[in-house]
S.K.: 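The structure follows.
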Amino acid sequence: MAVSLDEIDILLLTELQADADRTNVELARIAGLSPAATLNRVRRLKESGVIRIIAARVDPALAGFALSVYVAATMSRHDPRSVRAFENQIRALPQIIRADLVAGEMDYLITIVARDVAELQQVLARLATPGTQRLLTYLRLEEVKAPAPLPLGPR
């Protein structure tokens with residue numbers, strides 16, 4: 001269930017999405033609140049789960065990960081044991097930076113980063129668990145749109 005957000009919450013979230021490194025004093029100035037009131041609001045947004053985490057967005061290529069690929073994974077078996085084994089393998093591989101269970105032609109859409117082809121091959125080999133029918137790999141050539149902030153304003 002969605003958390004009720006007022007205009008100040010939306011303003012704070014918009015500012016934090018643009019630059020999560022802003023200080024509480026800066027946020028207070030922007031929102032027109034005292035630093036204590038701003039801190040309480042941000043704390044409430046964290047405790048409610050609206051703000052999951054404040055993190056840095058690292059450039060994979062500059063950090064040494066030359067390859068970024070998407071993998072469409074299709075399971076041949078959907079029994080709890082096969083699904084659990086596959087999802088545990090996903091969670092165990094640090095090169096998998098995102099994985100989603102999806103509806104449609106495939107079962108999972110996975111994002112993998114690797115330093116080279118050999119590392120990518122190792123990750124793909126470990127994903128081929130019993131119950132995995134097909135792994136289709138798509139090489140990411142270029143970022144067209146960076147992960148964007150949520151459009152929190154009015155509909």
Side-chain angles (χ1 to χ4, degrees), residues 1-5 9-24 26-27 38-39 41-155:
M1 190 162 132
V3 174
S4 178
L5 303 173
D9 292 331
I10 291 171
L11 176 62
L12 291 170
L13 290 168
T14 300
E15 292 300 320
L16 286 169
Q17 286 186 106
D19 181 5
D21 202 30
R22 288 190 193 273
T23 66
N24 187 60
E26 286 178 276
L27 288 172
T38 303
L39 185 62
R41 281 200 179 239
V42 172
R43 186 176 292 132
R44 182 180 52 81
L45 290 166
K46 287 178 180 179
E47 289 170 356
S48 69
V50 173
I51 296 176
R52 289 187 193 172
I53 189 170
I54 295 179
R57 191 175 298 154
V58 177
D59 184 300
L62 293 177
F65 294 92
L67 298 174
S68 182
V69 299
Y70 302 103
V71 175
T74 305
M75 303 297 289
S76 59
R77 297 192 305 240
H78 293 87
D79 61 277
R81 185 177 181 180
S82 297
V83 168
R84 186 173 46 255
F86 185 72
E87 290 181 358
N88 286 343
Q89 194 65 280
I90 287 172
R91 290 183 190 99
L93 292 165
Q95 296 90 341
I96 296 178
I97 60 171
R98 182 174 182 108
D100 295 299
L101 178 64
V102 297
E105 208 172 303
M106 68 190 101
D107 295 308
Y108 296 88
L109 186 58
I110 301 164
T111 305
I112 300 173
V113 293
R115 292 171 185 87
D116 53 36
V117 173
E119 183 178 25
L120 176 60
Q121 286 176 316
Q122 289 172 350
V123 172
L124 292 173
R126 291 196 51 201
L127 277 179
T129 61
T132 305
Q133 177 181 339
R134 182 175 57 192
L135 297 172
L136 288 176
T137 304
Y138 300 92
L139 178 64
R140 178 179 171 261
L141 299 176
E142 178 182 347
E143 184 175 82
V144 175
K145 181 178 179 178
L150 291 175
L152 294 170
R155 290 185 177 186

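Only heavy atoms go into these numbers, but all of them, side chains included; no hydrogens, no water, no symmetry mates. Note that the structure is a prediction, hence the values are computed from the model and not measured.
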S.K.: Side chains of Glu15 and Asp19, heavy atoms from C-beta outward: is any pair under 4.5 Å?
M.R.: no
S.K.: Is any side-chain heavy atom of Thr132 less than 4.5 Å from a side-chain heavy atom of Met75?
M.R.: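 Heavy-atom side-chain distance check passes, below 4.5 Å.
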S.K.: I'd like to know if the side chain of Glu26 pairs up with that of Thr23 as donor and acceptor (distance under 3.5 Å, no hydrogens or angles considered).
M.R.: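 Yes, because at least one side-chain N or O of Glu26 sits under 3.5 Å from a partner of the opposite role on Thr23.
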S.K.: Considering all heavy atoms of both residues, which atom of Arg77 and which atom of Ser82 are nearest to each other, and what is their separation?
M.R.: NE-OG, 3.3 Å
S.K.: Taking all non-hydrogen atoms of both residues, which atom of Val113 and which atom of Pro60 are closest, and how far apart?
M.R.: CG1-CB, 4.3 Å
S.K.: Measure across Ala92 and Pro94 and return the closest heavy-atom pair with its distance rounded to 0.1 Å.
M.R.: O-CD, 3.2 Å
S.K.: Could you pull out all residues at least two apart from Arg84 that satisfy salt bridge (Lys or Arg N to Asp or Glu O under 4.0 Å)?
M.R.: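 Applying salt bridge (Lys or Arg N to Asp or Glu O under 4.0 Å) to Arg84 gives none.
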S.K.: Rounded to the nearest 0.5 Å, what separation is found between the OG1 atom of Thr38 and the CZ atom of Arg22?
M.R.: 12.5 Å
S.K.: From Leu45 CG over to Leu12 CG, what is the distance, rounded to the nearest 0.5 angstrom?
M.R.: 7.0 Å
S.K.: Taking the side chain as C-beta and beyond, is there a heavy-atom pair between Tyr108 and Val83 under 4.5 Å?
M.R.: yes
S.K.: Can you find a heavy atom in the side chain of Val71 that is under 4.5 Å from one in the side chain of Leu136?
M.R.: no
S.K.: Identify the heavy atoms of Met106 and Ala72 that sit nearest to each other, and give their distance.
M.R.: SD-CB, 3.3 Å
S.K.: How close do Phe86 and Ile110 get, counting heavy atoms only, and between which atoms?
M.R.: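 Scanning both residues completely, I find the closest heavy atoms to be CZ-CD1, 3.9 Å.
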S.K.: Taking all atoms of both residues into account, what is the closest heavy-atom pair of Thr111 and Ser68, and its distance?
M.R.: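 For Thr111 and Ser68, the tightest heavy-atom pair comes out as CG2-OG, 4.5 Å.
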S.K.: Closer than 4.0 angstrom, basic N to acidic O: yes or no for Asp79 and Arg81?
M.R.: no
S.K.: Roughly how far, to the nearest 0.5 Å, is the CZ atom of Arg41 from the CG atom of Leu13?
M.R.: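 Those atoms lie 10.0 Å apart.
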S.K.: Does the side chain of Leu93 reach to within under 4.5 Å of the side chain of Leu127, using non-hydrogen atoms?
M.R.: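 Yes - at least one pair of side-chain heavy atoms lies under 4.5 Å apart.
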S.K.: Any chance you could lay out the side-chain contact (heavy atoms from CB on, under 4.5 Å) test for Ile54 and Lys46, step after step, and finish with the verdict?
M.R.: CA-CA 10 Å; Ile54 295 179; Lys46 287 178 180 179; 3.8 Å; yes
S.K.: Side chains of Leu11 and Leu27, heavy atoms from C-beta outward: is any pair under 4.5 Å?
M.R.: no
S.K.: Enter the distance from Gln95:CD to Leu67:CG here, rounded to the nearest 0.5 Å.
M.R.: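 Those atoms lie 11.5 Å apart.
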S.K.: Would you confirm whether Gln89, through its side chain, and Arg126, through its main-chain N or O, come within 3.5 Å as a donor-acceptor pair?
M.R.: yes
S.K.: I need the full list of salt bridge (Lys or Arg N to Asp or Glu O under 4.0 Å) pairs touching residues 91-119, with sequence neighbours left out, sorted by first then second residue.
M.R.: Glu87-Arg91, Arg98-Asp100, Arg115-Glu119
S.K.: Do Ile112 and Ile97 touch side chain to side chain, with heavy atoms closer than 4.5 Å?
M.R.: no
S.K.: Apply the side-chain contact (heavy atoms from CB on, under 4.5 Å) test between Thr14 and each candidate in Leu152, Leu150, Asp9; give the one that qualifies.
M.R.: Leu152
